Every structure is written in structure tokens, then in C-alpha cells.
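Notes follow the structure.
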Amino acid sequence: MNSSVKVLVCVFLLIAFVIIGSIISVKMWSNSEEKIEVPENISIDRDMTLAQIAKQNEIPDPVMKKVFDVSKKEELQKKFSEFSLTVSEAENSLKKQIIFAAEEGAKDWKKILVKFVLWFIFLVLIFFLLRNNAIDSERRKWLYFVAVVIFGIFLGADPGPMGTVKDTIVLFGQVKIIFPPRLFAMTLFLITVVLANKFICSWGCQVGTLQDLNFRINRRKHEPIIPQFKLSFAFTNTVRIVFFIVFTAAAFIWAFDLVEEFDPFKIFKPATLAAYGIFFLGILFLLSIFVYRPWCHLFCPFGLLGWVLEKISIYKIKVNYRKCIACGNCAESCPSSVMEAILRRDRIIPDCFSCGTCVEVCPTNAISFDKGKRTKPPAGKFDEMNKK
């Protein structure tokens with residue numbers, strides 16, 4: 001079996017492992033979530049009691065109590081006409097509150113707490129490994145694999161960095177609701193972006209690490225086995241910005257979730273995938289063998305927001321130009337075009353996923369993951385490199 005075939009077989013086996021493992025994991029966690037159905041229409045008659053309205057529309061009592069501001073169960077025997085709400089106001093309030101309750105009921109809060117604790121431990125470990133140049137090509141693959149298994153297969157698709165942005169926009173666009181726990185999670189994720197350059201995307205995101213692992217399987221150390229391509233950042237970011245605008249417009253104008261049907265995080269919830277979703281994910285993960293993190297660069301709304309905020313990251317990839325010998329190893333080995341932009345400082349810097357490849361390959365230890373501002377290279381620093 002030649003090397004190219006081995007790469008394709010390994011990626012196929014990895015995806016199969018993710019799908020089978022996720023099916024088992026979903027069944028294991030399924031009893032931990034409370035399912036609350038959201039009715040399309042709510043039927044209300046002014047002569048009905050609150051209890052009758054609740055029974056006819058299958059609305060939980062706590063929702064009724066909150067909307068009508070009553071505390072005792074006996075008060076649900078009051079007629080709707082005794083309250084100041086109009087039928088339209090009551091329908092809207094009930095629907096919003098049911099959606100809010102459904103959001104809460106769909107979460108396994110213990111699992112989510114475990115996930116955030118493990119994220120914290122794992123990202124702190126990665127931070128110290130990266131700071132000490134202790135991540136080589138083989139260890140990097142294993143760390144990505146661990147991230148996929150823990151944060152994807154075992155702990156599931158939710159929460160994930162992308163979902164905090166996507167679902168916040170969609171829910172607000174549809175019913176003008178912001179779900180505070182999701183907003184809190186998004187804030188924590190964004191803090192990691194600012195503290196350490198895009199760290200949650202780099203090492204904690206289930207889909208990001210799976211794409212990265214696919215890409216690294218197609219490398220022997222830092223040399224591609226099957227040819228790999230670096231897409232222009234001008235192209236990828238233009239696509240991502242346009243997609244974000246269209247996605248947001250669809251949520252606010254038509255109350256439509258453009259991502260839902262082909263959400264790549266659903267690979268960790270395989271039963272929820274439709275045929276076209278399976279087809280899209282197949283193309284996406286096949287493409288990730290040849291192109292670095294295609295979903296992150298082309299579509300991810302959190303990726304776009306993270307790219308903006310990483311400009312003020314405290315810890316980031318930096319170059320010491322006194323040690324740098326302009327050999328170009330870092331730019332050549334970097335899976336995307338970001339290291340060349342960081343090295344030369346002559347263009348907009350694309351997304352940096354803090355993978356540490358540049359730190360690993362630098363022969364003079366001129367590159368580090370450190371705090372502070374990046375400096376610009378001395379004039380003519382890369383003249384000889386340009387002639388190569």
C-alpha cells in the first residue's frame with residue numbers, strides 16, 4: 001500500500017471511529033437531557049383557565065406561572081380574562097418562554113460543567129507545552145486526537161465555539177431571545193482568544209482539531225504526502241465575511257438557520273444528519289486533507305470573530321529578528337499563509353491557530369509563543385530569502 005492510499009485509509013478510519021464513537025456516546029448521555037417540544041401555534045380562548053390553556057397546548061406549569069406571574073398552582077385555575085395580557089401578547093410571551101425552557105431542558109449541565117473544567121486543564125497544559133517548545137509533529141497529532149475524543153466523541157457537539165455565536169444570532173433573529181448561559185460560554189471562549197491567540201479554536205474545538213488532525217495525517221513530519229494547498233487569505237476571508245452576512249440576514253429576515261442542515265459539529269451527533277448534510281461533511285473532511293481547516297477559514301462565524309479579536313491577543317507567535325536567519329523554514333512548514341505574514345509583517349495577518357509548527361522547525365529558536373507586541377523586521381532582512 002503506497003503512502004497516499006495509507007493517508008486516505010487512515011482518514012477514513014478516523015472519521016468512522018468518530019461516527020461510531022459518537023453514536024455510542026450520544027446513547028450514553030441521552031437520558032440526561034429533558035426534551036421540551038415547542039408548539040408552532042398556541043391556542044388561547046379568553047374563557048379558558050390557565051390550566052386548560054396549559055393542558056391543551058402541552059405547556060409546562062412553570063412556564064405558565066412565569067408568563068402570568070403567579071406562584072401557586074391553584075392560581076392556574078383562574079380564567080385568562082382575569083389577566084391584563086391580550087391573546088397576542090400571551091401567545092408571544094408563552095412561545096418565548098417555552099423556547100427558553102426548551103433551551104435549558106436540552107442541556108446536560110453536569111456534562112457541560114465537566115467539559116469546561118477539562119477544557120481549562122487541557123488548554124493550560126497546551127499553553128505550557130507550547131511556551132516550552134515541547135510540541136513536535138507526532139505529539140501534536142496525539143494532542144489533536146485527544147481533543148477530538150474528549151471534547152467531541154465523549155462530551156459531544158454542544159457546547160462548541162461556533163455554536164455559541166451561531167445559535168445566539170439565530171435565536172435572537174427568530175424570537176428576539178438571548179440565552180444567558182450561551183452568552184456566558186461565548187464570552188469565556190472569546191477570553192481564551194484574547195489571552196492566548198485563538199486557543200479554543202486551536203486546541204479545544206471539536207471540529208477544528210478534527211480537521212487539523214486530518215491535515216496532519218497527510219504529512220510526514222512537515223512535508224505533505226499528498227500535495228497540500230495554501231488558499232489565499234483574501235479569498236478565504238472574503239468568503240467567510242460574505243457567508244456571515246448572508247447567514248445573519250437569513251436569521252433576522254427569514255428566521256432561518258442557514259448552517260443547521262450542514263453543521264459540521266453534527267458529526268458528533270450522526271443521527272441528526274440528513275443526506276445532504278452527510279454529503280457536505282464528507283466533502284469538508286476530505287478537503288481538510290489538502291487544505292488547512294477549510295470550515296474555520298471559509299465559514300465559521302466564531303472563526304471570523306476570533307480572527308478580529310486575536311489582533312489583541314496577549315500571547316501570540318512572535319519573531320526575534322536578531323536570532324532569525326531568514327531561512328524561511330517557518331513559513332514553508334506553516335500549514336497556512338499566516339507565518340509568512342507574521343514573519344514579514346507586510347500584509348494583513350490571517351488566522352493563526354497557534355499550532356506551534358513554526359516554533360518547532362526554527363533552527364535558531366527565533367520564534368516563540370510569547371506575550372507583547374510583534375516587532376517589524378529590519379529593512380532588507382528577507383532580501384536573500386526573496387531571491388531563492
Side-chain angles (χ1 to χ4, degrees), residues 3 7 10 123 125-147 196-199 201-203 208-209 211-233 288-294 296-297 310 313 315-347 349-372 374-378 381-388:
S3 298
V7 168
C10 285
L123 294 182
L125 170 66
I126 296 294
F127 177 81
F128 283 106
L129 289 174
L130 192 55
R131 288 274 293 147
N132 291 284
N133 192 11
I135 302 179
D136 58 24
S137 57
E138 286 305 308
R139 181 174 287 177
R140 185 177 293 106
K141 289 177 185 177
W142 281 109
L143 288 170
Y144 286 140
F145 180 74
V146 168
N197 202 103
K198 219 164 188 177
F199 238 48
C201 298
S202 315
W203 295 98
T209 50
Q211 290 175 95
D212 216 317
L213 183 55
N214 283 345
F215 189 87
R216 307 285 174 171
I217 288 172
N218 185 25
R219 285 193 159 195
R220 189 178 290 110
K221 289 223 171 193
H222 306 295
E223 293 294 325
I225 298 169
I226 305 173
Q228 293 176 322
F229 308 94
K230 297 182 182 184
L231 299 180
S232 160
F233 180 65
S288 67
I289 300 171
F290 313 100
V291 175
Y292 189 59
R293 292 185 178 235
C296 308
H297 284 107
E310 71 176 283
S313 290
Y315 280 87
K316 58 177 76 73
I317 293 296
K318 295 180 64 181
V319 181
N320 183 334
Y321 293 104
R322 288 176 296 178
K323 293 183 179 180
C324 176
I325 58 174
C327 63
N329 284 357
C330 56
E332 186 178 347
S333 300
C334 178
S336 72
S337 59
V338 63
M339 192 56 217
E340 188 162 356
I342 292 173
L343 189 66
R344 295 173 180 270
R345 296 297 311 280
D346 59 355
R347 69 199 77 170
I349 296 176
D351 302 67
C352 176
F353 289 94
S354 300
C355 67
T357 302
C358 52
V359 180
E360 177 192 353
V361 302
C362 181
T364 61
N365 296 318
I367 302 173
S368 62
F369 189 71
D370 208 348
K371 61 183 176 180
R374 294 183 176 119
T375 58
K376 290 193 175 183
K381 178 72 178 180
F382 300 105
D383 288 350
E384 289 301 316
M385 183 174 157
N386 293 337
K387 295 175 183 178
K388 293 179 183 180

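Heads up: numbering here begins at 1 and tracks the sequence. Atom set for the values below is all heavy atoms of this structure, side chains included, hydrogens, waters and symmetry mates excluded. Since this is a predicted model, take the numbers as computed values, not measurements.
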Legend entry - Pairing of Lys221 and Glu138 as salt bridge, 4.0 angstrom limit: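 Looking at Lys221 and Glu138, the cut-off is not met.
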Legend entry - NZ/NE/NH1/NH2 to OD/OE distance under 4.0 Å, Glu223 and Arg219: no
Do [X] and [Y] come within less than 4.5 Å of each other through their side chains, counting heavy atoms only?
| X | Y | value |
| --- | --- | --- |
| Arg345 | Arg374 | yes |
| Thr357 | Arg216 | yes |
| Arg140 | Cys355 | yes |

Inset, instruction - Check step by step if side chain to side chain donor-acceptor pair (under 3.5 Å) holds for Glu332 and His222. - result: CA-CA 9 Å; Glu332 186 178 347; His222 306 295; over 6 Å; no
Atom pair [atom1]/[atom2] of [X] and [Y] - distance to nearest 0.5 Å:
| X | Y | atom1 | atom2 | value |
| --- | --- | --- | --- | --- |
| Lys230 | Gln228 | NZ | CD | 9.5 Å |
| Ser336 | Leu231 | OG | CG | 10.0 Å |
| Leu143 | Ile126 | CG | CD1 | 4.0 Å |

Inset, instruction - Would you check, one step at a time, whether the test side chain to side chain donor-acceptor pair (under 3.5 Å) holds for Arg347 with Ser337? - result: CA-CA 11 Å; Arg347 69 199 77 170; Ser337 59; over 6 Å; no
Inset, instruction - Show your reasoning for whether side-chain contact (heavy atoms from CB on, under 4.5 Å) applies to Asp351 and Cys296. - result: CA-CA 9 Å; Asp351 302 67; Cys296 308; over 6 Å; no
Legend entry - Member of Cys334, Ser333, Cys327, Ser137 meeting the side chain to side chain contact (heavy atoms under 4.5 Å, CB included) criterion with Val361: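 Running side chain to side chain contact (heavy atoms under 4.5 Å, CB included) over Cys334, Ser333, Cys327, Ser137 with Val361 returns exactly one hit, Ser333.
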Inset, instruction - Report the residue from Ile342, Asn133, Asn329, Ile317 that forms a side chain to side chain contact (heavy atoms under 4.5 Å, CB included) with Ile367. - result: Ile317
Inset, instruction - State whether Phe215 and Arg293 meet the cation-pi test: NZ (Lys) or CZ (Arg) under 6.0 Å from the six-membered ring centroid, and within 45° of the perpendicular axis. - result: no
Inset, instruction - Decide if the gap between the ring center of Phe199 and the ring center of Phe369 is smaller than 6.0 angstrom. - result: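 Centroid distance Phe199-Phe369: below 6.0 Å, so yes.
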Inset, instruction - Give a yes or no answer on whether the side chain of Lys381 reaches the backbone of Ala326 with a donor-acceptor pair at less than 3.5 Å. - result: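 Looks like no, no N/O pair under 3.5 Å.
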Inset, instruction - Not counting sequence neighbours, which residues clear salt bridge (charged side-chain N to carboxylate O under 4.0 Å, His left out) with Arg131? List them please. - result: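 Applying salt bridge (charged side-chain N to carboxylate O under 4.0 Å, His left out) to Arg131 gives Asp370.
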Inset, instruction - Name the orientation class of the two ring planes belonging to Tyr315 and Phe127 (parallel below 30°, tilted from 30 to 60°, perpendicular beyond 60°). - result: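 Ring orientation, 0 to 90° scale: perpendicular.
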Inset, instruction - Quick one: sort the Tyr292 and Phe353 rings into parallel, tilted or perpendicular, breaks at 30° and 60°. - result: perpendicular
Legend entry - Positive for side chain to side chain donor-acceptor pair (under 3.5 Å) with Tyr144, one of Thr209, Asn214, Asp212: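 Among the candidates, only Asp212 passes.
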